[in-house]
Every structure is written in structure tokens, then in C-alpha cells.
Amino acid sequence: MDAHKYALQANGSFALPDACFKVKALMEDESSEITDFADVIGIDPSMTSRLLQIANSAIYSFSGEISTISRAITIIGTQQIYNMMLVDVAASAFKHFENQAIDLKRFWRISVYCGLASKYLAIHSGIRDIERLFVAGLLQNFGELLVAKITPETAKRCEQYSADRLPWLLQELALGFTYTDISAALLKIWQIPEKIILPIRHFNEAKDIQINKDVKVLYIASRLALVDSHPDKFTIDELIDDSLCDALSLSEDDLNHVAECAAKEAEGILTMMNPKLFSK
């Protein structure tokens, strides 16, 4: 079975909500207005509640209460709204594909941490549109859940990684491709923007000098996430090539700061996304 076939099986049992496609279509239509976005989001009580909650949070520090969908969209922005929807979809999809073949707590931690590390690395590297990289980091390892659901024994073998047998190398041996290849294939089926898919698709080509900064960011973020989850097995010095840090103008202090910020923020997000697993 190739990466695309894994993705097709997943798409048959969990589909991206229509609202995501509608919002994406509106973003691509130059004649779209805020009211058009509000009409799409307004029919989903859960999304409406979350949107207003975020608009009124300390993140935006807006004076006065935001009580309408249109005003919330104006403050947050349509791209950020779309990214927020993808994060919520990811949370739902993660729960849909949960099973006992892999360490779910480790999977969630690595996924969320990678998203956050991608965001902070982008900030340090002067990359704009950091939300895009957060979503890419969050979704890059989604393929692991699909393998665990469809071929659990293969997933169990791939989970036996170590400093001498790195995760992506085990995946290549067991599958002929990596979990990120499956993730990219599924996101393509879901019509996720190419800017989000590109760094996931070229995940293991980051040392190629021609590859753009997004790929390098995701590459480094994934390794930081691995160190965070397995500090007894991996170190930053062993996993991250200095040349990639140089290409992004990242110092050792920058990496340590990113790691610290991602770890701190991950706790709150993980509890929110899966309170049953992380409130213990």
C-alpha cells in the first residue's frame, strides 16, 4: 500500500467539514466580503463560540467586548480563521483515529509541540504568516495515526525507534515512505493550501540548499519535538544540523528559547484539545 492509498482510506472515514471548503473558496474569491464568511461560520454554533472566545482573549487585547461574528473576523483575519478551523478539525480527527497501537500521549505531544516550535522558529527566522507553519507542524505527523488505524502492527514496529534507528528511517524500512508522505497526500485530498502542504511533502529534503525556509523550519521543529518527548534518547546537538540553523540565522540560544516556549505553551493546548488524556 502506498502513501496515497493510506490517505484515501482515511478520507473515506473522516472528511474535512464543508465549512472549511467554503471558507477556502471565499478566501480565493476577491469579491468576498466579511459577511460572506460570517454566514458560513454562523451556521456552526461550536465554531461561532470558539471564534468569539478567541477574539475576546488576551491574544488580541481589544478594548471592548466582541459580540458579533463579523467583528471577530475583522479583528482576527480570514487566514487566521481558516487556520483555526484546521486546528479544530485536527483535534476531531485525532480523536476519530485514536487506538491502542501507538502511544497516543506521545503522538499528541509531538504534534502540538512541533506546531508551536514551527511558529516560534518562524518568528526567530523572520518568516511571515507564522500561523501557516503552526498548522503544518501540527499536521505533519498525521500519517502515523492512519498507519496505526489501518495497519497497527506496522505502526508498532515504527514506534521502536532510538538514537541509532531514527523514526523516519524506520518508517522508510517498514513502509517504503514516511508518515509525512501520508500526511501530505491526505491534506492534498482535503484541498488544504499548498503552502501548508509543501514543507510536509519535502520534510526530509531540508538539507538541500534549494529548499525554502518553511521546509527547514519544519525539519528543525520536528527534531526539537522528538527531543522534548524523549530527552533520554535524543539531544539537539545530535539531531539538528548546524548548517540548517545557519540558513535560518538561528543561534543555540534561539533553539533553546524556542524549545522552552513550545514546551510551556504545549501544556495548555494539549489540555484543551484532549482533556481526558492530559488532565491526569
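Scope of the values below: all heavy atoms of this structure, side chains included, with no hydrogens, waters or symmetry mates. FYI, the numbering just counts along the sequence from 1.
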Which residue pairs pass the salt bridge (Lys or Arg N to Asp or Glu O under 4.0 Å) test with at least one member in residues 217-235, sequence neighbours excluded? Arg109-Asp228
Below 3.5 Å, can you tabulate the donor-acceptor pairs from side chains in residues 146-157 to any protein atom, sequence neighbours excluded?
residue : atom : partner : partner atom : Å
Thr151  : OG1  : Tyr6    : OH           : 2.7
Thr151  : OG1  : Val147  : O            : 3.3

N/O donor-acceptor pair under 3.5 Å between Thr180 side chain and Gly143 backbone: no
Set of residues satisfying salt bridge (charged side-chain N to carboxylate O under 4.0 Å, His left out) with respect to Lys188, sequence neighbours excluded: Glu194
For residues 23-30, run the donor-acceptor check on the side chains, cut-off 3.5 Å, and write out each pair with its distance to 0.1 Å, sequence neighbours left out.
residue : atom : partner : partner atom : Å
Lys24   : NZ   : Glu28   : OE2          : 2.8
Asp29   : OD1  : Ser31   : N            : 3.0
Asp29   : OD1  : Ser31   : OG           : 2.7
Asp29   : OD2  : Ser31   : OG           : 3.2

N/O donor-acceptor pair under 3.5 Å between Glu159 side chain and Asp103 backbone: yes
Would you indicate whether the side-chain heavy atoms of Ile220 and Leu250 approach each other to under 4.5 Å? yes
Whether Ser229 side chain and Leu226 backbone form a donor-acceptor pair below 3.5 Å: no
Side-chain contact test, heavy atoms from C-beta onward, threshold under 4.5 Å: evaluate it for Val40 versus Phe21 and give yes or no. no
Spatial distance of atom CG (Asp36) from atom NZ (Lys22) [nearest 0.5 Å]: 12.5 Å
Between Cys245 and Leu255, is any pair of side-chain heavy atoms under 4.5 Å apart? yes
Hits for side chain to side chain donor-acceptor pair (under 3.5 Å) against Trp190, two or more places apart or cross-chain, chain-then-number order -> Asn11
Under the side-chain contact (heavy atoms from CB on, under 4.5 Å) rule, what do Ile192 and Cys20 come out as? Steps first, then yes or no, please. CA-CA 9 Å; Ile192 299 300; Cys20 287; over 6 Å; no
Enter the distance from Leu138:CG to Ser118:OG here, rounded to the nearest 0.5 Å. 9.5 Å
Could you walk me through whether Ser183 and Leu139 satisfy the side-chain contact (heavy atoms from CB on, under 4.5 Å) test, starting with their C-alpha distance in whole Å, then the side-chain angles of each, then the deciding distance to 0.1 Å, before giving a yes or no? CA-CA 7 Å; Ser183 303; Leu139 299 178; 6.0 Å; no
Which residues pass the ring-ring contact (aromatic ring centres under 6.0 Å, His included) test with Phe234, sequence neighbours left out? none
Using the test side chain to side chain contact (heavy atoms under 4.5 Å, CB included), find all partners of Ala184 that sit at least two apart in sequence or belong to another chain. Ile197, Ile200, Arg201
With rounding to the nearest 0.5 angstrom, report the CD1 to CG distance, Ile102 to Leu145. 5.0 Å
How many angstroms lie between atom NE2 of His4 and atom CD1 of Ile182, to the nearest 0.5 angstrom? 12.0 Å
With clusters defined by side-chain heavy atoms of hydrophobic residues (ILVMFWY) lying less than 4.5 Å apart, directly or transitively, does Met85 cluster with Ile43? no
Between Ala221 and Ala117 the two heavy atoms that sit nearest each other are CB-CB, 3.8 Å
Is the closest side-chain heavy-atom distance between Pro199 and Val217 below 4.5 Å? no
So CZ of Phe134 and CD1 of Ile130: to nearest 0.5 Å the spacing works out to 10.5 Å
Closest non-hydrogen atoms of Cys158 and Ala174, given as atom of the first, atom of the second and distance, are SG-CB, 3.7 Å
Decide yes or no for Asn212 and Leu198: does some side-chain heavy atom of the first lie under 4.5 Å from some side-chain heavy atom of the second? yes
Under the salt bridge (charged side-chain N to carboxylate O under 4.0 Å, His left out) rule, collect the residues that match up with Asp214, sequence neighbours excluded. Arg132
Beyond-backbone contact of Arg106 with Ile110, side-chain heavy atoms, under 4.5 angstrom: yes
Run the numbers on Leu121 and Leu248 for side-chain contact (heavy atoms from CB on, under 4.5 Å), then give the verdict. CA-CA 9 Å; Leu121 285 169; Leu248 295 173; 5.8 Å; no
By side chain to side chain donor-acceptor pair (under 3.5 Å) - contacts of Thr235 (at least two apart): Glu238
Give every donor-acceptor pair under 3.5 Å between a side-chain atom in residues 161-168 and any protein atom, sequence neighbours left out.
residue : atom : partner : partner atom : Å
Tyr161  : OH   : His230  : NE2          : 2.8
Ser162  : OG   : Asp164  : N            : 3.4
Ser162  : OG   : Arg165  : N            : 3.2

Could you pull out all residues at least two apart from Gln171 that satisfy side chain to side chain donor-acceptor pair (under 3.5 Å)? none
Sequence neighbours excluded, the answer for side chain to side chain contact (heavy atoms under 4.5 Å, CB included) partners of Glu252 is Asn256
Are any non-hydrogen side-chain atoms of Asp39 and Ile69 less than 4.5 angstrom apart? no
Interatomic spacing from CZ in Arg71 to CG in Leu52 - rounded to 0.5 Å: 12.5 Å
Pair Thr178-Asp181, side-chain donor/acceptor within less than 3.5 Å: yes
Would you say that Phe37 contacts Ile81 through its side chain, given a criterion of any heavy-atom pair below 4.5 Å between the two side chains? no
